[in-house]
Amino acid sequence: MPSTSPFGRTLCAMVTPFTSEGGLDLDGAQRLADHLVTHGGCDGLVLSGTTGESPTTSDVEKSALIRAVVEAVGDRARITAGIGSADTRHTATLARAAEAAGAHGVLVVTPYYSKPPQEDIAEHFRTVADASGLPVMLYDIPGRTGTRIEPETMLRLAEHPRIAGVKDCAYDLLGSSRVIAQTDLAYYSGCEELNLPLRAVGGTGYISTVANVAGSLLAAVLDAFDRGANAEATALHQRALPLVREMMAAGLPGTVTAKALLGTLGLPAGPVRPPLRAADPARTKALMAAYEAATA
């Protein structure tokens with residue numbers, strides 16, 4: 001089912017490929033982006049999210065990555081740029097830079113560490129939304145930022161003409177269901193195990209780290225659900241869960257596990273940047289076993 005959202009439906013939180021020396025690999029980024037769109041079940045890509053190692057890439061690198069990926073995929077996928085920071089002025093600057101580089105939308109995380117009150121959070125998002133002409137997706141992940149975007153705040157922010165979506169990592173299905181029911185915001189699961197449950201209560205799709213390697217399987221879950229094949233959707237969802245656990249809940253960041261798998265599969269990835277460290281051989285073997293079982 002095609003998405004009417006400006007961001008797409010099946011979005012991959014794409015890793016940022018680096019060279020063996022740790023520099024930005026733009027050729028690799030273009031090849032990976034093309035693979036994810038052509039063969040990986042992705043109708044949207046999110047660049048420079050946490051999976052894309054945004055804390056360790058420069059503003060110049062972020063813009064260069066957008067330009068390269070937009071060139072590679074053309075109009076075959078929507079490109080959303082992660083621009084969130086703890087500084088409203090810097091985030092607004094990144095929004096304008098993403099627009100200039102050709103992004104189709106921006107992903108903005110709640111300001112982290114400083115734990116601003118709800119009205120300050122709302123004003124942060126409004127300021128960023130006013131900084132460019134791009135649609136804005138709010139990123140609610142209190143486990144990392146320290147602060148929730150409360151449902152009441154979401155309802156107020158939905159009134160802004162450019163605030164169009166939410167990446168939901170709040171683990172509050174009741175609160176999310178309430179906002180979905182009362183607004184036109186496009187809701188995306190940012191937690192792999194909730195891709196199907198959120199779709200079942202009116203969510204739009206997902207933003208997935210696992211989609212770097214198993215996007216077609218994840219897309220098949222939503223495809224089955226949308227055509228009314230609920231038992232098939234459940235079975236496919238359950239088939240993906242061991243890989244989801246190995247990649248996302250077994251002790252290493254998703255960036256590390258995704259790059260370990262991509263490298264083993266011969267796809268562009270390269271090393272991670274410090275403070276992250278590569279997966280060891282034993283963990284990579286376990287990841288491959290889970291991947292092969294899920295995609296067999």
Side-chain angles (χ1 to χ4, degrees), residues 1-5 7-14 35-46 49 51 77-78 137 139-141 143 151 165-252 254 257-258 261-262 265 286-296:
M1 174 183 289
S3 172
T4 58
S5 165
F7 308 103
R9 172 174 169 263
T10 54
L11 282 65
C12 176
M14 196 179 97
H35 170 81
L36 293 171
V37 172
T38 303
H39 305 292
C42 301
D43 67 5
L45 302 174
V46 175
T51 301
R78 306 297 288 173
M137 185 187 299
Y139 187 5
D140 188 18
I141 182 165
V166 177
K167 181 181 179 184
D168 183 12
C169 291
Y171 285 99
D172 176 14
L173 203 56
L174 177 59
S176 299
S177 299
R178 177 186 168 201
V179 178
I180 290 168
Q182 296 184 37
T183 73
D184 292 326
L185 292 172
Y187 252 73
Y188 294 85
S189 170
C191 305
E192 313 274 354
E193 68 275 24
L194 295 182
N195 289 356
L196 180 58
L198 191 68
R199 181 71 186 96
V201 297
T204 299
Y206 55 73
I207 298 175
S208 168
T209 296
V210 174
N212 279 281
V213 296
S216 294
L217 173 59
L218 301 184
V221 175
L222 298 195
D223 291 343
F225 179 84
D226 288 347
R227 66 174 183 269
N230 293 346
E232 180 184 349
T234 299
L236 290 168
H237 176 74
Q238 291 173 346
R239 180 177 171 183
L241 289 178
L243 176 62
V244 168
R245 183 187 182 280
E246 195 65 37
M247 288 186 68
M248 306 301 295
L252 289 180
T257 58
L261 280 170
L262 287 167
L265 294 168
L287 285 162
M288 277 302 299
Y291 167 80
E292 289 169 351
T295 59

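These figures come from a predicted structure and were not determined experimentally. Computation of the quantities below employed the complete heavy-atom set of this structure, encompassing side-chain atoms and omitting hydrogens, waters and symmetry-equivalent molecules.
Under the 4.5 Å side-chain criterion, counting only non-hydrogen atoms from C-beta, Asp43 is in contact with Leu11. Side-chain contact between Arg199 and Asn195: absent, with no pair of heavy atoms (C-beta onward) separated by less than 4.5 Å. Side-chain contact between Val166 and Val179 is absent, with no heavy atoms from C-beta onward closer than 4.5 Å. Using a 4.5 Å heavy-atom cutoff, the side chains of Cys191 and Met248 are not in contact. For the pair Cys169 and Asp140, the minimum side-chain heavy-atom distance is 4.5 Å or more.
Closest approach of Leu36 to Cys12, counting heavy atoms only: CD1-SG, 3.8 Å. Residue Ile180 comes nearest to Val201 through the heavy atom pair CG2-O, 3.8 Å, listed as atom of the first residue, atom of the second, then distance. Pairing each heavy atom of Arg9 with each of Ala219, the nearest pair is NH2-O, 4.5 Å. Closest heavy-atom contact between Ala290 and Glu246: CB-CB, 4.0 Å. Nearest heavy-atom pair across Glu192 and Val210 is OE2-N, 3.0 Å. The shortest heavy-atom contact between Arg239 and Ala294 is NE-O, 2.8 Å.
Between the side chain of Thr204 and the main chain of Ala186, no donor-acceptor pair closer than 3.5 Å is present.
Using a 3.5 Å distance cut-off with no hydrogens or angles, the side chains of Thr51 and Thr209 do pair a donor with an acceptor.
Atom OG1 of Thr10 sits about 9.0 Å away from atom OH of Tyr188, to the nearest 0.5 Å. To the nearest 0.5 Å, the span separating CG on Leu194 from OG on Ser189 amounts to 5.0 Å. Here the CE-OG distance, from Met14 to Ser208, works out to 14.0 Å after rounding to the nearest 0.5 Å. How far OH of Tyr171 is from CD1 of Ile141: 8.0 Å, rounded to the nearest 0.5 Å. To the nearest 0.5 Å, the span separating OH on Tyr291 from CG on Leu217 amounts to 10.0 Å. From Leu243, atom CG reaches atom CG of Leu261 across 7.0 Å, with rounding to the nearest 0.5 Å.
No more than 12 heavy atoms of other residues, nucleotides or ligands sit less than 6.0 Å from atom CZ of Arg245.
A cation-pi arrangement is present between Lys167 and Tyr139, with the terminal nitrogen or guanidinium carbon under 6.0 Å from the aromatic centre and inside a 45° cone about the axis.
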Practice problem: For side-chain contact (heavy atoms from CB on, under 4.5 Å), just list the numbers for Val221 and Tyr206, CA-CA rounded to whole Å, side-chain angles, deciding distance to a tenth of an Å, and then say yes or no. | Solution: CA-CA 11 Å; Val221 175; Tyr206 55 73; over 6 Å; no

Practice problem: I would like to know whether Met137 and Val46 meet side-chain contact (heavy atoms from CB on, under 4.5 Å); could you show each step before the answer? | Solution: CA-CA 11 Å; Met137 185 187 299; Val46 175; 5.9 Å; no

